[in-house]
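To find a chain, count down the sequence lines: A is the first, B the second, and so on, and within it residues start at 1.
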Amino acid sequence: MNRLHEPSAEAARLEDRIHDPAGVINDPELAADARMRSELAALPQPRLPDPVRNRVLAMARMRRRRPWLMAMAAVLGLALVVPVIFISGSDHQAPGAAEAHELQVALTTIAESGQQALALAGTQFGRHLAPADLGLDRLPLKLFPTPPNAHRNDDHDNS
Amino acid sequence: METRFRQLVDAHRHRVYQLACLLLGQAQEAEDVAQDTLLKLWTHLPVLRAGEERAWLMTCTRNACLDRLRGKTRSRRLLRLVGVPEPVITPDGAAQANERQHALMRAVRAQPEPGRSLLILRDIQGLDVATVARVLELSTNQVKVYTFRARRALRRQLEEEFDEQAA
C-alpha cells in the first residue's frame, strides 16, 4: 500500500473538509492542502482572443449555409442534366446502310493492317526465332533414373 | 439555434481555452483546440440537451488535448530514436506570471491523468464535483478522492522542489 495515499473513505472526507475553512484549522497538513487549492484557483486565467471567437461564429454560419448551397447546386445540376438526357435520347436511331458500309470498311482495314504486320514480323524476326544449336543431343545422358529412396542406402548402413 | 450557439460560445470559450492552455502549455495549439471544439459544438448542438453543454465542451476539449499530447509523445520518442534534438516547449502566456505560478503550472501539467485534469477542472476552474465526474466519467466519490490525492502529491512535489532550490 502506498504510504502517500490515504484510504479512499478518509481521502473523500478530507476533501470535503478542505472546502470548509473551519475544517482545516486544527490540521496543518490539511491547511497546507487548502492553501495549495487557493493558489491553484488564483492562477492567471487565459482568455480566448476575440478574433478566434469571431472566426468560430463565421465558420459556423458558413456551415449552416452549406446544406442550402448543396441543395441549390443539386437542383441546378439536375436542371442541366435531365434535358440533355432527353434530347440525346430523342436523337437515337437505328444505323442505316451507309453506317453499316463504313463499319465494314473500317473492319476490313483493321484486318488487312494486321495481316501486313504479321507478314513483316515474320520476314524481319523469323530467323532470330530459330533455336540455337547447343549440341544437347550429343551430350551423354543417364539412361536409368535414380529411384526416389536411393539416397537412404539402407543396405550399406546395416552392413 | 444560432443565438443559442453564440450564447454558449460567449459563456464557455474562455473556460475551454484555459483548459486547453493548461493541458497543452502552448497558446497557439490551445487556440486551435478551442476553435475545433467550439465548431464541434455547432455540429452537435441539435442533439445536446440544455445544461449538458458545459460538460460536453470540457470532455471534448480534454480529449482533443490528450490526443495531441499522445501525438507529441510519439514524435518525441521518434526524435530521440533518430537523434534529433527536441524542440523546447515554452509556456505561452506565462511570461508575466511569477516564478511560483510558473512552477505551479508546470507541475500541474506534469501530473499524470486523471489527477492533472482534476486539478484543472476542480481547483483552477472551480467546476462542481458532479460536472467534473461527468466530464471524466468518474463517480463523485472518485473525483473527491483522486482530487485530494493529486493536490497533496502536487503540494509535496513543489515543497521538495523549493526545498532543493533553497538548500
Which residue is it: B:Arg15, B:His14, B:Gln18? I am looking for the one with a side-chain hydrogen bond (donor to acceptor under 3.5 Å, both in side chains) to A:Gln45.
B:Gln18

[X], part contacting chain B, at a heavy-atom distance under 4.5 Å:
| X | value |
| --- | --- |
| A:Arg55 | side chain |
| A:Glu10 | neither |
| A:Ala9 | neither |

Considering only heavy atoms, which portion of [X] lies under 4.5 Å from any heavy atom of chain A: side chain, backbone, both, or neither?
| X | result |
| --- | --- |
| B:Thr43 | side chain |
| B:Leu158 | side chain |
| B:Val108 | side chain |
| B:Leu39 | both |

So which residue, B:Arg122, B:Gln125, B:Arg100, ends up with the most heavy-atom pairs under 4.5 Å with chain A?
B:Arg100

Of all of B:Arg6, B:Glu159, B:Gln142, B:Gln35, which one pairs up most often with chain A through heavy atoms under 4.5 Å apart?
B:Gln35

Looking only at heavy atoms, what is the nearest atom pair of A:Pro49 and B:Glu31, with distance?
CG-OE2, 3.3 Å

Could B:Arg155 and A:Glu39 be called an ion pair, given the rule that one side-chain N must be under 4.0 Å from one carboxylate O?
no

Presence of salt bridge, B:Arg152 and A:Glu15, under 4.0 angstrom
no

Apply side chain to side chain donor-acceptor pair (under 3.5 Å) to A:Asn26 and list each qualifying residue two or more places apart in sequence or on a separate chain.
none

By side chain to side chain donor-acceptor pair (under 3.5 Å), which residues pair with A:Arg53, not counting sequence neighbours?
B:Asp10

Could you walk me through whether B:Leu41 and A:Val56 pass side chain to side chain contact (heavy atoms under 4.5 Å, CB included), step by step?
CA-CA 10 Å; B:Leu41 172 69; A:Val56 166; over 6 Å; no

Which is it for B:Glu2 and A:Leu57 under the side chain to side chain contact (heavy atoms under 4.5 Å, CB included) test, yes or no, and what are the steps along the way?
CA-CA 9 Å; B:Glu2 201 169 331; A:Leu57 294 177; over 6 Å; no

